[in-house]
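Keep in mind it's a predicted model, so treat the numbers as computed, not measured. So that the names make sense, note that chain A is the first sequence line, chain B the second, and so on, each numbered from 1.
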There are 4 protein chains.
Amino acid sequence: MAAARADARRNRETVLRTAMCVFAEEGLGVSLGRIAQRAGVGAGTVYRHFPSKDILVEAVLAEHLESLVGAADRWAARAVPGEALFGFLLEVIDTSAGRLPVCEAITTDGSWPRAVLGAAEQRFHGALERLLRDAQQAGAVRADVRVDDLSALLAGGVAMRSTHRDQTRGSRLVRLTLDALRTPPVTKAFRDRPGKPRHETTAPRHCAECGARLPVRPTGRPPRYCGPTCRQRAHRRSR
Amino acid sequence: MAAARADARRNRETVLRTAMCVFAEEGLGVSLGRIAQRAGVGAGTVYRHFPSKDILVEAVLAEHLESLVGAADRWAARAVPGEALFGFLLEVIDTSAGRLPVCEAITTDGSWPRAVLGAAEQRFHGALERLLRDAQQAGAVRADVRVDDLSALLAGGVAMRSTHRDQTRGSRLVRLTLDALRTPPVTKAFRDRPGKPRHETTAPRHCAECGARLPVRPTGRPPRYCGPTCRQRAHRRSR
Amino acid sequence: MAAARADARRNRETVLRTAMCVFAEEGLGVSLGRIAQRAGVGAGTVYRHFPSKDILVEAVLAEHLESLVGAADRWAARAVPGEALFGFLLEVIDTSAGRLPVCEAITTDGSWPRAVLGAAEQRFHGALERLLRDAQQAGAVRADVRVDDLSALLAGGVAMRSTHRDQTRGSRLVRLTLDALRTPPVTKAFRDRPGKPRHETTAPRHCAECGARLPVRPTGRPPRYCGPTCRQRAHRRSR
Amino acid sequence: MAAARADARRNRETVLRTAMCVFAEEGLGVSLGRIAQRAGVGAGTVYRHFPSKDILVEAVLAEHLESLVGAADRWAARAVPGEALFGFLLEVIDTSAGRLPVCEAITTDGSWPRAVLGAAEQRFHGALERLLRDAQQAGAVRADVRVDDLSALLAGGVAMRSTHRDQTRGSRLVRLTLDALRTPPVTKAFRDRPGKPRHETTAPRHCAECGARLPVRPTGRPPRYCGPTCRQRAHRRSR
DNA sequence: AATGAATGAGGTTTCATTCAT
DNA sequence: GATGAATGAAACCTCATTCAT
């Protein structure tokens, strides 16, 4: 009987792994029959372990999340707080890129019985939260970022990676995007009055003429134009 | 006869608009029967105008793209180059947020007969290209960004917006992400030798202690830490 | 109004002729939409003239039968009784070969409202009957053949012609089969009766060597072979 | 497991047999739903065994052909060459009469994936070929007949039988037609060659009055009528 | 009278799920 | 516990027929 149980567990694993691959390859639309076939088991066996298709999809996602929790722990253990978070986010996006359909099933469709996912999802969010908190305490990440921002950012990153026709540039784009989380370059004054950037809101951030980004400087009169050219042009216009 | 044609066109519009809504609400999985029902027409009528489901989905997407091309033109007409691009990207993401499933059908699944979409897609890409070129010539956007980066970025932005449980913060996150495209703060030296940042590769870009982003300055000795705090902390650790 | 009527009649003709072709080419399964398309008219026009598909099929068959009645009269007018019948049967089979599906719709399926066909069918059977009676009175055809035998024989002939992969041999097979109707070799007493062409029935009708049809001549010794070549070949074989 | 397989096989048989009947009764137009209903199984079961309608039709035909191959072997085993062929052809026509629609699906429509039928069809043609060859070697059948002639002849025979409103006369007509294959009356020299039954071909094979088949006897004067009744009737007529 | 859009029942096919073996 | 055959609802698509223009 123990042997039987071992058999059953092995079968469960097989089905789960197969489903993961097939979902990734052909989308969530594949029939369970196909999965059973690819797993080399009968349709009934799939149903014994996963009483419905939704449950199977959830199990696949939970498995994925679980493995990501492991990755989070590894990153937390071996890197300084900020880099741990960025490393983890990148890894999540990389390993999830092929699984877009599965992820979307969860994120997009609100009709999912969140309860079932619960365990894995909470552990995942917990891990994410810890990494974020540490990174923020280390000052590596903007203070106004929350866990749910990260979730959304992950979804976005996966979408970018999966969508970009050029894998290398897709990767690069994701890194560029993640950098948006980093604490922006700050000055002494800013650092001394944390949370109150001097010009954060009052100073113009873009050239009033051409829209170019203006450099942020903590002191002095904030510029209104990106340079003499634009200033002149605006002056002309104002007459 | 002309009247009959008008009727037909109206019907086509109705079906198209209904399909747009229903796809957005319930995903691409909905049956054509349901769409027909919601549109208040017979199943055959849907079929008459869109001979297959794929064709209907394409039509919905094409319609959407077409409207976006209009938006692109409006932005190009009424804003300075850089802001036109950013405004357009934001609008695309905002108006596409509800249509995630439709967009994904296109971006995710490579099996689409691109030919059919062709017209609308090319016009969309053309518009995107023009906005990007102008923005880059105005120096408002990084020179190393390409159109396909923008496509991927859009997909990512839509995913973020749709995924974030808090709409407001989702919006904010998207804006933050788009800013990654902006030309990074540069100095005179950099501006004079465009494309050749002084320390671009040799200087450390992140604080060696906390990982915070380091300001890039074209002259002087590049800093290793983000500030005295980290320098001190590193010093302590090195003893 | 008279003009309108002429238009309508012309339309009816067009539809009928088109239906004939299309049925012959693609079977009875084709949709009326296709026929309307090929005829260059609207679906409604088809229905105005032929209120249902069955009625259209019947009309096509009736038209065909009507034209065959004409052929029967021509044969009756220009050939000796026996040959008139055989010529007519061959012509029927030849012209019906492409129309197998239509014919079958009538002969096979007992569910047809015979009443509607009535007129054309009766005229056709009448013509057939006359040809048969004359041929039998001339002694060219077995006395025990009835009109319904001929109908069945026609169906069989059409099937053979349509089925045989080799058109030429199909034709030959049909002729061979029709010959089964001819009066079998009879005794001297029978042959001597007046009003009978001398060799009409006793003379061999095909070359005993190669099976080619032999010309029928009322006088002289009937040939056994189609020419010197076959005669020589048979002579050699008999040694 | 074996039991399940046995069940499945039984089900397959049921569906096949039902389809055979229903096709014969109502034509190839019947819906698979109807067949499933008549077979007492679900629509899915039909589909499991025959993944498409075409495949089911083919299977029905293949089954039929297979059974005919058996019949061919039986005839070859128990009759002299010539009679074996004729007996077989008659049996084919008789048993196929009800199945006209199925046969036509094959013979009429060239669009069939012959590959699938292949096996059964080739075996059938092989059997036909053997019977024909033997019959020709025995001199019972014209030397210029080929297998494809027989195929077409069979189609024609089936059409005749199915079409004739009077079954008995239909049968008679078919026999008459098949006789067209027999070696035509030959000359003395030919007749005297050894190994040939005396009256095989020259003696009348059917009653000159009523067309009934005459017994073939190798010796004695061959009868001209099937019995005294017909002889008397013919006598009366000749006066 | 002609057009062709609209209709909707019905056809084939698919597949999640159950159940006998 | 595993198997895979059976089920039947539902999807997509077709087309004979009607009807507004």
Side-chain angles (χ1 to χ4, degrees), chain A residues 1 3-9 11-12 29-37 40-54 56, chain B residues 1-12 29-34 36 40-54 56, chain C residues 1 3-9 11-12 29-37 40-54 56, chain D residues 1-12 29-34 36 40-54 56:
Chain A
M1 201 171 107
R5 238 181 236 168
D7 251 29
R9 213 168 326 150
N11 250 331
R12 200 194 124 95
V30 285
S31 68
L32 290 196
R34 188 156 172 63
I35 292 175
Q37 201 183 2
V41 302
T45 306
V46 173
Y47 271 86
R48 162 163 295 274
H49 294 297
F50 308 97
S52 88
K53 193 179 185 179
D54 285 357
L56 174 58
Chain B
M1 200 169 97
R5 227 176 253 168
D7 246 31
R9 213 173 325 155
R10 194 159 1 118
N11 245 327
R12 199 194 126 97
V30 285
S31 71
L32 291 194
R34 187 156 172 61
V41 302
T45 304
V46 174
Y47 181 76
R48 160 172 283 271
H49 293 295
F50 308 98
S52 86
K53 193 178 184 178
D54 285 358
L56 176 57
Chain C
M1 200 170 105
R5 237 181 237 167
D7 250 27
R9 213 171 324 152
N11 250 331
R12 199 193 125 97
V30 286
S31 69
L32 290 196
R34 190 157 171 61
I35 291 175
Q37 202 182 2
V41 301
T45 307
V46 174
Y47 271 86
R48 162 164 294 275
H49 294 295
F50 308 97
S52 89
K53 192 177 186 180
D54 286 358
L56 174 58
Chain D
M1 201 168 98
R5 226 176 254 166
D7 246 33
R9 212 171 328 156
R10 195 157 3 115
N11 244 326
R12 199 194 126 96
V30 285
S31 70
L32 290 194
R34 190 159 171 59
V41 300
T45 304
V46 173
Y47 182 76
R48 161 171 282 271
H49 293 295
F50 307 97
S52 85
K53 193 177 186 180
D54 285 358
L56 175 57

Whole-Å distance separating the CZ atom of D:Arg34 from the P atom of E:dG10: 13 Å
Among F:dT7, E:dA2, E:dA16, the one nearest A:Tyr47 by side-chain distance: E:dA16
Contact nearer the 5' end of DNA chain F, comparing C:Gly44 with B:Gly33: B:Gly33
side-chain N/O C:His49 vs E:dA2 OP1/OP2, d < 4.0 Å: yes
Selected nucleotide, minimal atom distance to A:Ser31 side chain, candidates F:dC12, E:dC15, F:dA2: E:dC15
First encountered from the 5' end of DNA chain F, between B:Val30 and D:Val46: D:Val46
Salt bridge (Lys or Arg N to Asp or Glu O under 4.0 Å) against D:Arg12, all qualifying residues, sequence neighbours excluded: none
Upstream residue (5' side of DNA chain E) when B:Arg12 and C:Arg48 are each assigned their closest nucleotide: C:Arg48
Atom-to-atom span, CG of B:Asp7 to P of E:dA6 - whole angstrom: 7 Å
Closest nucleotide among F:dA6, E:dA2, F:dA2 to the D:Ala8 side chain: F:dA6
Nearest heavy atoms of A:Val30 and A:Lys53, plus distance in Å: O-NZ, 2.9 Å
D:Arg10 side, atom CZ; D:Asp7 side, atom CG - distance, nearest 0.5 Å: 4.5 Å
Closest to the D:Ser52 side chain, choosing from F:dA2, E:dT13, E:dA2: E:dT13
Under the 3.5 Å Watson-Crick or G-U criterion, the dot-bracket string of DNA chain F, with | for inter-strand pairs: .||||||||||||||||||||
Candidate nucleotides E:dT13, E:dT17, F:dA6, ranked by approach to the side chain of D:Lys53 - the nearest: E:dT13
Nearest-Å distance for atom pair CZ/C1', residues C:Arg9 and E:dA2: 17 Å
Nearest-nucleotide 5' precedence on DNA chain E, D:Gly29 against C:Asn11: C:Asn11
Closest to the D:Leu32 side chain, choosing from F:dC13, E:dT17, E:dT12: E:dT12
Rounded distance (nearest 0.5 Å) linking atom OG of A:Ser52 with atom CG of A:Leu56: 8.5 Å
Nucleotide nearest D:Thr45 (side chain, heavy atoms from C-beta), chosen from E:dA6, E:dT12, F:dT7: F:dT7
Among F:dA6, E:dT7, F:dG4, the nucleotide that comes nearest once only the side chain of A:Ala43 is considered: F:dG4
Nearest-0.5 Å distance, NE2 of residue C:His49 to CG of residue C:Asn11: 5.0 Å
Whole angstrom value for the distance that separates C1' of E:dT18 from CZ of A:Phe50: 18 Å
